[in-house]
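Data block below; observations after.
For ligands, and for the atoms within them, numbers begin at 1 and follow the listed sequence.
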Amino acid sequence: MATQIWAHRGASSKAPENTMEAFEQAVREGADGIELDVHLSADGIPVVIHDSTLERVSGEIGLVHDRTLAQLKRLDVSNPIPGYGIARIPALAEVYELINPTGLIINVEVKSGLTTYPAFEQTLIALERQMGMRGRVFYSSFNPYTLMGLREQDPQAQIGFLYIGGWIDAQQFALRLAANALHPPVYALEEPGFTEDCKRYGIALHTWAVEDERDLLFARRKGVQAVITDRPAYTRELYEKTPLHPVV
Ligand code: G3P
Ligand code: CA
């Protein structure tokens with residue numbers, strides 16, 4: 001199967017990350033999926049933003065979790081693309097509405113490391129069901145307890161263990177979590193036998209921070225199921241013009 005292209009925080013090289021504009025751009029660029037980050041607002045609504053704090057994207061000091069959805073909606077989160085114009089924090093439900101008719105996959109990265117949110121996993125699974133998104137959502141998290149919580153809530157949920165740096169016996173850890181996938185950084189694919197072991201165990205690979213030509217082509221040659229990239233259009237063009245040679 002062809003390597004899928006998932007837009008990291010949406011098409012975040014062209015529009016402010018994790019906004020409707022970035023997701024719409026990803027759809028226009030022919031991405032197969034989008035990756036996004038979720039936290040919970042003060043009124044318990046899953047909201048799409050990367051950091052647990054507001055400053056980097058909006059210039060406001062404060063925590064996402066201390067504001068209601070209505071309060072978060074007043075912020076302009078266009079800082080990452082200076083001069084872009086106003087962009088707002090979407091509720092996850094709004095993104096589901098946008099993506100549902102497109103057939104794209106949504107990789108929901110659950111940001112539960114620095115802040116712990118009550119009933120986060122339960123809320124996410126309930127929303128997925130309520131919005132008719134079952135089978136279209138792929139959850140990932142750096143926090144294995146969150147993945148365990150999702151698995152407990154829904155034995156059918158698609159989950160991937162996300163990590164950075166190195167991880168010893170990542171495949172065994174994925175199996176222990178009953179995870180469907182690993183989300184390793186692209187350099188992890190260089191470890192001898194790594195991709196072969198994933199294939200043997202039936203563990204999908206969705207690799208991230210894949211931005212330059214070398215890494216994009218390397219990941220595809222390694223047979224990963226998806227690359228997570230800020231530049232879906234560039235990746236699509238590169239894949240279309242470059243013949244696929246398997247790794248020898
Ligand atoms: O899911 C892959 C990647 O998004 C993880 O890192 O910091 O961009 O959320 P970060
Ligand atoms: Ca992310």
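- Taking the six-membered ring where the residue is Trp, the centroids of F161 and F173 are separated by under 6.0 Å.
- Checked against a 3.5 angstrom limit, the closest N/O atoms of H183 and ligand 1 fall outside it.
- The pair D43-R67 does not count as a salt bridge, with every side-chain nitrogen at least 4.0 angstrom from each carboxylate oxygen.
- Of the protein's non-hydrogen atoms, the one nearest atom 5 (C) of ligand 1 is E109 OE1, 3.5 Å.
- Here R236 pairs with D32 in a salt bridge; the nearest charged N to carboxylate O distance falls below 4.0 Å.
- With respect to the Ca ion (ligand 2), E109 has OE1 as its nearest N, O or S atom.
- Looking at ligand 1, you'll find an N or O of E35 within less than 3.5 Å of one of its N or O atoms.
- Checking only distances, H50 does come within under 3.5 Å of ligand 1, N or O to N or O.
- Geometrically, ligand 1 and S140 share no nitrogen or oxygen pair separated by less than 3.5 Å.
- Every atom of ligand 1 is numbered from 1 in the order shown, and the set under 4.0 Å from a heavy atom of K111 is 7 (O), 9 (O), 10 (P).
- The Ca ion (ligand 2) sits nearest to atom OE2 when only the N, O or S atoms of E35 are considered.
- In terms of distance to the Ca ion (ligand 2), the nearest N, O or S atom of D37 is named OD1.
- Using a 4.0 Å cut-off between a side-chain N of Lys or Arg and a carboxylate O of Asp or Glu, E17 and R56 qualify as a salt bridge.
- At a heavy-atom cutoff of 4.0 Å, ligand 1 is contacted by the side chain of L162 but not by its backbone.
- Looking only at protein heavy atoms, the nearest one to atom 6 (O) of ligand 1 is W208 CZ3, 3.7 Å.
- Under the 4.0 Å criterion applied to side-chain N and carboxylate O atoms, K14 and E29 are assigned as salt-bridge partners.
- Side-chain atoms of E35 do not come within 3.5 Å of backbone N or O of I228 as any donor-acceptor pair.
- Distance alone, capped at 3.5 Å, is enough to place a donor-acceptor pair between the R136 side chain and the I99 backbone.
- Listed by atom number, the atoms of ligand 1 under 4.0 Å from R9 heavy atoms are 7 (O), 8 (O), 10 (P).
- A 6.0 Å sphere centred on CD of E196 holds more than 12 heavy atoms belonging to other residues, nucleotides or ligands.
- Salt bridge R231/E213: absent, no basic N to carboxylate O contact under 4.0 Å.
- Heavy-atom separations between H206 and ligand 1 are all 4.0 Å or longer.
- Close contacts between ligand 1 and D37 involve ligand atoms 9 (O) [criterion: under 4.0 Å to a heavy atom].
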